[in-house]
Amino acid sequence: MAKRETIVHWFRKGLRIHDNPALSVAVDKVRENPAKYCLRPIFVLDPGIRKWLRVGPNRWRFLQQTLANLDENLRSINSRLYVVRGNPVDLFPKLFHDWNVTLLTYEHDIEPYAVQRDRKVETQAKEHRVEVHIEKSHTIFDPDVILKKNAGKTPLTYQKYASLAGECKIPQPLPAPQKLPVKYIAPEPDKEERRNPACYDAPSLKELDVDEASMGDCKFPGGETEALRRMEESLRNRSWVCNFEKPNTSPNSLEPSTTVLSPYLKFGCLSVRLFYGRVSEAIKGQKHSQPPVSLIGQIMWREFYYCAAAATPNFDKMVGNSVCMQVDWDTNKEHLEAWTHGRTGYPFIDAIMRQLRQEGWIHHLARHAVACFLTRGDLWISWEEGQRVFEELLLDADWALNAGNWMWLSASAFFHQFFRVYSPVAFGKKTDPEGKFIRKYVPELARFPAGIIYEPWKANLETQKKLGCIIGKDYPRRIVVHEEISKVNIQRMSAAYKRNKALKEEGLDGDSAATASSPAGKKRTASSSTPPAKGKTAPKRQRLENTIQKFFKKK
DNA sequence: GTTGCGGTTGGATAA
DNA sequence: GTTATCCAACCGCAA
């Protein structure tokens, strides 16, 4: 018998079998002719990734659980998951050859790292005469389609995005693929498998270097099965779904006040198209809240950020990012360290940062509070630093959303009312006047009464002794005085905006002068609205400064 | 080129 | 407890 051809489905995000169009293409082809084809659904675990990707233990555990569950779910359709260890670009040529691969399927990804990697793999596939089939299913709307509708311009407001998306068809979710037939025979073991039959098994926590004993309870286990269960649980309360308004949910309740489906959407354990469809069903014919604050609205925010991220080079950086305000952020290692580990001396901020480290999830508004505090509100530290910490600690850290939201909160893009600053004292009191949240995550302060727990520095030494926590010894003194520093920072932000405006005008002038003969001369490019790199010629810099000075005088 | 409007989620104070 | 107003005045977008 001639060796069968292997069809490989490559899981990256989209770690599910339901509504997975690329997987369905692979499975259907095998089902049509099991004598000719066999199936290997793979996940590539790259040990080298640890060198540059900062992922905390919570997220490794989530991934481990997700892969184990994916293997189970694939077994339910008479297949399994093959976890291949190594770098994709090194691995694929060998796999193509050893397995006699003729078709590779996967889900499209917009992240720059993925785009680059996939381009290489596609080239390799071509060299090995492997057909590649790609489906777009991580978002409802294809960013390319939205951009085309908007004459190639990135929509920078939610409303604009929503109106463009409103003209697009909403794709229907697919069911899980049908079972491979009983007579289907799994692929013949390759050389590696003959040596070690367990070589492609899903990883253990140990392999991922996760020491579970040192971690807190697992509040959000990974996996498609848990994702679907969690979604159904949220949908069961129909009136809650219909009345959902994000700004009215609590950032500091002891149990999450929102669905916590974000980690499942990030890894693709849950299809956003399925979620959208199920929410739409639930609110149909009922009085219900509206986007942008409704549940559907939340899904649309995700779509919005994905579109902006896909269309903007250097979306996760300030420099070279055409949508991002250029701000003279400070460097302050001690302050950054204090924020990162929940030792700012502001109990509300510290409680949130400790919850983040322990549990891997914090409420969206809690993210607002700590992000504003780190950047434009108090510490004047770059949003890129905060982005890095969230990337490491959040289960749901999704490249596009993380960068987009950090720019929003630091008033670097999308949001511009920089004089609206969250108070690290007042904001939390609205939804938790008793301070229960602080008592849970900052136990040093557990005995402080409601009246003072948000501002423990106000207690005199005698009181502090009585309450068993001396400020400056058992709990840190606050590292900045919010009432003062936030006023200074608003001024700094205002100056940054003026400077940015001047830079932009200068950039446009230069651009249109250089391309005066071209009809596309007025089009904004990635480089035209960013400041020139250090080392530009002196006259150009001088002109720039003059423009800035003019602007300052005008105001 | 200008103008006016709206923007998921602020805070402090007054009524 | 809720709602209105000021604070100082941002941006993108549509007309």
Side-chain angles (χ1 to χ4, degrees), chain A residues 149-151 153-164 243-253 257-258 262 288-305 307-308 311-312 322-327 348-349 352 362-373 375-378 401 404-405 407-433 454-455 482-505 508 512 522 524 529 551 554-555:
Chain A
K149 277 192 183 292
N150 201 36
K153 277 193 303 183
T154 315
L156 292 175
T157 63
Y158 177 92
Q159 291 304 339
K160 182 72 192 165
Y161 179 87
S163 76
L164 294 164
N243 293 319
F244 185 95
E245 292 191 343
K246 187 66 160 275
N248 294 338
T249 58
S250 167
N252 48 4
S253 50
S257 60
T258 51
S262 51
H288 60 79
S289 53
Q290 294 291 331
V293 295
S294 64
L295 273 180
I296 293 287
Q298 304 312 303
I299 296 171
M300 294 302 290
W301 279 106
R302 178 174 180 272
E303 301 285 320
F304 167 71
Y305 283 127
C307 181
T312 311
S322 62
V323 301
C324 185
M325 205 61 66
Q326 306 297 305
V327 180
F348 179 56
I349 300 297
I352 294 167
I362 52 178
H363 185 277
H364 187 65
L365 291 177
R367 301 178 197 201
H368 278 221
V370 297
C372 183
F373 188 89
T375 58
R376 65 188 171 87
D378 296 84
L401 281 65
N405 276 309
M407 282 189 272
W408 180 291
L409 261 306
S410 59
S412 297
F414 312 116
F415 170 85
H416 306 282
Q417 287 161 293
F418 53 77
F419 38 85
R420 295 195 169 173
V421 174
Y422 290 89
S423 161
V425 171
F427 188 64
K429 282 186 186 172
K430 280 189 289 193
T431 41
D432 180 24
Y454 283 86
E455 306 162 274
H482 174 76
E483 310 86 272
E484 292 164 12
I485 201 76
S486 62
K487 289 200 183 87
V488 174
N489 287 348
I490 288 171
Q491 290 312 307
R492 279 184 94 171
M493 209 29 136
S494 174
Y497 265 72
K498 281 171 192 158
R499 195 184 167 79
N500 220 81
K501 210 171 188 176
L503 285 165
K504 230 174 197 176
E505 299 211 338
L508 277 177
S512 54
K522 277 204 164 168
R524 207 161 71 187
S529 58
F551 248 91
K554 226 196 275 179
K555 302 286 153 182

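On a predicted model such as this, the values are computed, not experimentally measured, just so you know. Per chain, numbering begins at 1; letters A, B, ... match sequence-line order.
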Interatomic distance, [X] [atom1] vs [N] [atom2] [rounded to whole Å]:
X        : N      : atom1 : atom2 : answer
A:Asn489 : C:dC10 : CG    : P     : 18 Å
A:Gln417 : B:dT9  : CD    : P     : 7 Å
A:Asn405 : B:dT9  : CG    : P     : 13 Å
A:Lys429 : B:dA12 : NZ    : C1'   : 13 Å
A:Tyr497 : C:dC11 : OH    : P     : 7 Å
A:His416 : B:dT8  : NE2   : C1'   : 15 Å
A:Arg499 : C:dC10 : CZ    : C1'   : 18 Å
A:Gln159 : B:dG6  : CD    : P     : 11 Å

Just name whichever nucleotide pairs with B:dT8, Watson-Crick or G-U, keeping both distances under 3.5 Å, else none. none
Complementary nucleotide of C:dA8, counting Watson-Crick and G-U pairs under 3.5 Å: none
Parallel, tilted or perpendicular, as decided by the 30° and 60° cut-offs, for the rings of A:Trp408 and A:Phe415: parallel
When you compare [N] with [M], how far apart are their [atom1] atoms, in angstrom units rounded to a whole number?
N     : M      : atom1 : result
B:dT8 : C:dC6  : P     : 24 Å
C:dA9 : C:dC13 : P     : 23 Å
B:dG7 : C:dA8  : P     : 24 Å

Between C:dC11, B:dT8, B:dG11, which one does the side chain of A:Lys501 approach most closely? C:dC11
Name the closest nucleotide to the A:His364 side chain, picking from B:dT8, B:dG10, C:dC13. B:dT8
Contact under 4.0 Å: A:Lys430 side-chain N or O vs B:dT9 OP1/OP2: no
Quick one: is C:dC13 close enough that its OP1 or OP2 comes under 4.0 Å of any side-chain N or O from A:Lys153? no
Are A:His363 and A:Thr249 close enough, and set up right, to give a side-chain hydrogen bond (donor to acceptor under 3.5 Å, both in side chains), and what steps lead you there? CA-CA 9 Å; A:His363 185 277; A:Thr249 58; 2.8 Å; yes
Pick base, sugar-phosphate or nothing for [X], based on heavy-atom distances below 4.0 Å to the nucleic acid.
X        : result
A:Val293 : base
A:Lys246 : base
A:Phe414 : nothing
A:Phe427 : sugar-phosphate

Do you know the tightest heavy-atom contact between [X] and [Y]?
X        : Y        : value
A:Phe414 : A:Ala308 : CZ-CB, 4.0 Å
A:His482 : A:Val421 : CE1-CG1, 3.8 Å
A:Tyr161 : A:Cys307 : CE1-CB, 3.6 Å
A:Leu164 : A:Lys149 : O-CD, 3.7 Å

Verify stack between A:Tyr158 ring and B:dT8 base, 5.5 Å, 30 degrees: no
